[in-house]
Structure formats: C-alpha cells, structure tokens
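Following: one structure in structure tokens, then a few remarks.
These values consider heavy atoms only, across backbone and side chains, with no hydrogens, waters or symmetry-generated copies.
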Amino acid sequence: MNQLIFDNPILIKHIRTRLRPPQSIYTGIVALVLCLCIMWAGWQGQALDNGVIFTVMIFGVGIVLQLGGTSQVASSISQTNDSGILDFHRVSPLPAHTTALGFVLGGPIREYMVAAVIWPFALFCAVMGKPGILGFAAVSIVMLSTTLLFHMMAMNAGILSQRGKTRGANMGLAFMIIAASGSTATVFRGLPIPGLLTVGPTLAEAMGNLQKGPWVTLPTFFGLELPLFIQSLIYQIPLIIFLTIPVVRRMRSAQAALYSKSTAIGCLAVISFLNLGGIVNHPNLDAELFVPMLLYATVIVSLLLTMAVTPSQGAYLNLVRRSKKQNMLKPSLWADESSNRAIVIVFGSLTWATVQVVETFVAKQNLGTDFLVMTGTAISVIIYFGSAAQFFALKYGRKSRAMLFLFLFFFWLMPLIVSALAAWTFGGQTAEMIASLSPIYGIGAGSVLGLVPAVALAGIFFALMIKEERTAQEVFAGDPFEEDFDVE
C-alpha cells in the first residue's frame with residue numbers, strides 16, 4: 001500500500017504539477033464560493049428538503065470527475081506515451097500496476113480535490129432532507145465506481161490512440177459518457193445496460209422517485225429485485241477489472257497483447273453472464289425483442305476482444321520459432337501470440353450457449369427458425385471476422401488493418417449503401433434483401449440471405465487462416481535458430 005499510493009512516483013509527480021498552490025487554491029476557492037451560493041439559494045428557496053440542491057451537487061461532482069477527470073486521464077497517459085517517457089517507465093523497476101494506478105489517480109487529482117470540496121455540501125443537503133445518510137452513501141459509492149470505470153476507459157483510449165490523436169479520443173469518451181448518462185431512462189423500462197453504468201438510476205432510487213407502474217419496469221438480476229446501487233456495482237466492478245488488465249499488460253510491454261486468450265474468453269463469458277442476469281426471470285421482458293439485441297451486443301464484444309488478441313505477423317512467427325526450438329510440432333493454441341483458430345470457435349460456442357439459455361429460461365414459446373438463422377449468422381460473423389483479421393495479419397503484415405478495412409467496407413457497408421439506392425428504384429423488398437447481405441442488418445433481420453454468405457465467408461477465411469499458419473510454420477522447418485521478427 002505504501003508503494004502503491006504514498007511512495008508512488010507517478011502519483012507524486014502529478015500531485016506536484018497539478019496541485020501547485022496558485023492554481024489549486026484558486027480552483028478550490030471558486031468551487032467553494034459556488035457551493036456556498038447554491039446552498040444559500042437552496043436555503044432561501046426551501047429546496048433542501050426535497051433534494052433538489054443535493055441533486056445539483058451530485059451533478060456537479062459528476063461533471064468534474066467524469067467529464068473533466070476522464071479527459072485528464074486520457075491526456076496524461078497520451079502525452080506520456082507520445083513523448084516516449086512511458087517506455088522509460090516500462091524498463092524502470094516500478095511494478096506495472098503501480099504505474100497504472102499513478103496515472104489513474106494522479107491525472108485527475110485536481111478534479112478529485114474539487115469533488116472533495118463539493119462532497120461535504122452534498123452530505124449536508126442529504127442529512128437536512130433527501131436522500132438521507134444511507135442514500136448519500138449509496139450515491140457516493142456508485143459515483144466513485146462509475147468514475148473509476150470511465151477513467152479506465154480513458155486509460156485504454158490513451159494507451160491505444162495514435163500519436164497526436166488524443167483530442168479525438170477525448171471527444172469519443174465525452175460522447176460515450178453523455179450517451180450513457182442520457183440512457184438512464186432505459187433502466188426504468190427494464191434494460192440494465194447502459195443506464196446502470198452511470199449514477200442516475202441510483203440517484204433516482206435514493207431520492208424515492210421510483211414507483212412501479214405500467215410505464216416503470218425496474219431491472220432485476222436473475223429475477224432478484226436488488227437495489228439499483230447493488231446492481232450498478234454488479235455490472236461495473238467486472239468491467240473495471242477487465243479494463244484494468246490491458247492497461248497493466250501494456251504498462252509492462254508496448255507489444256503485449258491486450259488480453260491473453262483465456263482472459264478474453266473469461267471476459268466474454270462474464271459479459272454474457274451479466275447480460276443474461278438482466279434478462280433471465282424478468283417478469284416483463286419478451287425474448288423476441290431481446291434476443292436480437294443480445295446477439296448484437298455479443299457480436300460487438302466478441303469482435304473487440306478478437307482484435308485485442310489477434311497477434312501480428314512477427315509475433316506469430318516468433319511463437320513458431322520458439323515452438324520449433326522446444327521441439328513442439330505446433331504452437332500452443334492458447335499462447336498470447338497464437339492464432340485465432342481456437343478462440344473464434346469458443347466465442348461462437350459462447351454465443352450459441354447464451355441464446356440457448358435465453359430460449360430455455362426466458363421465452364414463453366419456442367423462438368422458431370428465425371432466431372436460429374439470427375444465431376447462425378451472428379456465430380458465422382464472429383468466426384469469419386476473427387479468421388479474416390488473423391489471415392490478413394499473417395499474409396500482409398503491416399498492411400493488414402487496411403486490408404481488413406477494405407473487406408469490411410465491401411461486405412458490411414456496401415450492401416447498406418446499395419440497398420438505400422435500390423429502395424428508390426426497385427422498392428423496399430428488394431432493398432431489404434440486399435441489406436440482409438450485411439451483418440449490420442442481416443443479424444436482426446433473421447434472413448437466410450444473411451446466413452448463407454456469412455457461413456461461406458466463415459469457411460473460406462478459416463481455411464485461409466490455417467493455410468497461412470502452415471506457411472509460417474514451414475519457414476522454420478529447417479533452422480529455427482534465427483533472429484526474432486518485428487512484432488509491429
């Protein structure tokens with residue numbers, strides 16, 4: 001603990017730079033004066049009892065920590081990465097998790113100071129009226145966990161963003177935070193995500209503004225009507241953990257994969273479990289509506305995890321060379337630098353299992369062949385995307401991302417563009433058939449026209465991936481004792 005916080009050089013550096021007396025004192029005074037003015041207005045307007053001023057205070061804390069603090073985290077890690085200082089931290093004896101914690105806590109240290117000024121006023125408002133001391137504690141805990149969640153997103157964005165692209169990363173994170181905060185109302189229709197990733201539902205529950213009725217359906221977790229702040233923590237804590245893993249791995253090495261194969265599988269399994277928690281045994285959810293949404297969510301997460309574990313050409317060749325040195329016939333399928341051959345099959349199997357759980361415990365009747373087509377299309381997309389990403393990486397090396405982008409453009413975006421043009425000429429039915437060729441529309445449509453090309457592409461790219469693997473293994477058939485390949 002002493003090295004993590006009190007003797008953390010990264011944290012100490014940020015404290016010395018961002019809490020210098022002139023700037024920090026002026027910022028604290030401004031926050032204090034604003035809080036006093038708001039408190040005086042609430043006292044004069046008798047708005048302390050109904051919780052309006054408390055809500056204003058919490059809103060201010062959220063603006064400071066989640067918008068300002070998230071931007072500072074992304075900027076601090078990006079600037080350190082751009083300047084090359086992060087490489088110095090990697091070779092220093094400081095543990096990777098200590099370095100990561102220094103950036104997470106140190107980057108927004110001034111924002112934490114402002115929040116510390118606001119919080120006592122929020123506590124006073126809570127004690128004087130709504131939501132009381134227990135409501136204040138629940139809101140504060142979820143506020144901190146939500147802040148940490150967004151800050152870990154910022155750490156990942158800062159580490160992965162290209163040099164000079166920090167502004168774009170900050171804008172993207174700000175958009176995500178605003179979108180998630182604006183989706184709080186979906187929680188009251190029974191949808192836990194993304195609303196429970198913010199403090200809004202917990203605040204509404206603490207203020208006593210939730211009353212069940214025909215227009216209000218609270219989310220449950222496997223049928224259990226848990227308090228919303230507990231459900232928020234159930235969803236947020238696993239995501240924080242899985243967002244911390246790639247940060248720590250990249251703090252150790254700039255070439256490290258964001259996840260190991262087993263960790264990526266565990267991440268998808270946990271996210272699928274959490275998605276099922278909000279659906280299974282819920283009294284008012286219809287499987288016909290939520291199966292397509294669940295499939296899209298699972299596909300998106302699977303594709304992101306696939307990109308996170310896909311090794312580069314040089315990394316895979318180095319793995320093959322080491323395997324030959326150890327007299328192994330083939331590289332291990334579960335090594336970090338191994339191909340996507342096994343993981344795409346596991347991802348597809350998890351997707352199938354998730355839908356089967358929904359059909360067993362949620363559906364009031366058999367889902368029918370349309371949902372089998374949806375599921376088959378989603379699984380095929382997961383397989384051919386992972387296989388294509390690996391094939392292009394092994395075949396084209398540094399040009400692999402451009403080749404993958406061209407492939408996605410022609411097979412994912414072009415059918416939608418052509419269908420939009422065809423709708424004016426041939427009518428809606430023809431346009432729908434063309435749009436079904438793209439998985440963006442085809443998964444939800446449940447059309448055979450989307451399933452057939454997806455299955456064909458899955459078989460083609462899986463075979464091409466295996467062919468490139470064998471080609472790479474033949475490189476070291478004679479002499480495996482050669483220099484390492486460039487992993488970039």
Backbone of [Y] reached by a side-chain donor or acceptor of [X] within 3.5 Å:
X: Ser400; Y: Tyr396; result: no
X: Ser76; Y: Val73; result: yes
X: Thr70; Y: Leu67; result: no
X: Ser78; Y: Ser75; result: no
X: His151; Y: Leu65; result: yes
X: Thr263; Y: Tyr259; result: no

With Ser262, which residues qualify under side chain to side chain donor-acceptor pair (under 3.5 Å), at least two apart?
Ser260
Sorted by chain and residue number, the side chain to side chain donor-acceptor pair (under 3.5 Å) partners of Tyr384 (sequence neighbours excluded) come out as Trp412
Side chain to side chain contact (heavy atoms under 4.5 Å, CB included) between Gln313 and Arg398: does it pass, once the steps are laid out?
CA-CA 8 Å; Gln313 182 187 56; Arg398 297 178 184 270; over 6 Å; no
Heavy-atom neighbours of Trp334 CH2 exceed 12 at 6.0 Å
yes
Tell me whether Tyr112 at atom OH has more than 12 heavy atoms from other residues, nucleotides or ligands lying less than 6.0 Å away.
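Yes, OH of Tyr112 has more than 12 neighbouring heavy atoms, counting only those of other groups under 6.0 Å.
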How far does [atom1] of [X] sit from [atom2] of [Y], to the nearest 0.5 angstrom?
X: Met143; Y: Phe229; atom1: CE; atom2: CZ; value: 15.0 Å
X: Thr377; Y: Ile443; atom1: OG1; atom2: CD1; value: 7.0 Å
X: Asn8; Y: Thr99; atom1: CG; atom2: OG1; value: 7.0 Å
X: Met153; Y: Gln66; atom1: CE; atom2: CD; value: 10.5 Å
X: Leu350; Y: Ile379; atom1: CG; atom2: CD1; value: 10.0 Å
X: Ile343; Y: Ser349; atom1: CD1; atom2: OG; value: 11.5 Å

Test side chain to side chain contact (heavy atoms under 4.5 Å, CB included) on Met207 and Phe54 and set out the steps.
CA-CA 10 Å; Met207 299 296 294; Phe54 174 79; 4.1 Å; yes
Not counting sequence neighbours, list each pair that qualifies as a salt bridge (Lys or Arg N to Asp or Glu O under 4.0 Å) and has a residue in [range].
range: residues 228-254; answer: Arg249-Asp336
range: residues 53-81; answer: none
range: residues 17-27; answer: Arg18-Glu111

Is the shortest heavy-atom distance from the side chain of [X] to the side chain of [Y] under 4.5 Å?
X: Leu274; Y: Phe221; answer: yes
X: Leu32; Y: Ile118; answer: no
X: Leu233; Y: Ile141; answer: yes
X: Phe136; Y: Ser140; answer: yes
X: Leu123; Y: Ile133; answer: yes
X: Leu94; Y: Pro9; answer: yes
X: Met251; Y: Met155; answer: yes
X: Ile265; Y: Phe347; answer: yes

Going through the distances and angles, do Phe385 and Gln390 end up as a side chain to side chain contact (heavy atoms under 4.5 Å, CB included)?
CA-CA 9 Å; Phe385 180 89; Gln390 188 63 80; over 6 Å; no
For residues 293-311, which side-chain N or O atoms pair as donor and acceptor with protein atoms under 3.5 Å away, sequence neighbours left out?
unit_1 : atom_1 : unit_2 : atom_2 : d
Tyr296 : OH     : Ile440 : O      : 2.8
Tyr296 : OH     : Gly444 : N      : 2.9
Thr298 : OG1    : Leu294 : O      : 2.8
Ser302 : OG     : Thr298 : O      : 2.7
Thr306 : OG1    : Ser302 : O      : 2.7
Thr310 : OG1    : Thr306 : O      : 2.5
Thr310 : OG1    : Asn340 : ND2    : 2.8

Hey, are Ser145 and Gln236 close enough side-chain-wise for a donor-acceptor pair under 3.5 Å?
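Distance-only check passes for Gln236 and Ser145.
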Determine, step by step, whether Tyr441 and Ser436 satisfy the side chain to side chain contact (heavy atoms under 4.5 Å, CB included) criterion, reporting the C-alpha distance in whole Å, the side-chain angles of both residues, the deciding distance to 0.1 Å, and the verdict.
CA-CA 6 Å; Tyr441 179 82; Ser436 298; 3.7 Å; yes
Are Phe222 and Phe273, when compared by the centres of their aromatic rings, separated by less than 6.0 Å?
yes
Checking side chain to side chain donor-acceptor pair (under 3.5 Å) for the pair Thr375/Trp352: CA distance, chi angles, key distance, verdict?
CA-CA 7 Å; Thr375 306; Trp352 175 262; over 6 Å; no
Would you mind telling me which of Val247, Ile245, Ile77 makes a side chain to side chain contact (heavy atoms under 4.5 Å, CB included) with Asn156?
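When side chain to side chain contact (heavy atoms under 4.5 Å, CB included) is applied between Asn156 and each of Val247, Ile245, Ile77, only Val247 qualifies.
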Atom of Met374, atom of Pro292 and distance for their closest heavy-atom approach
SD-CG, 3.8 Å
Where Thr202 and Ser232 come nearest, the two heavy atoms and their spacing
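Scanning both residues, the minimum pair turns out to be OG1-OG, 3.6 Å.
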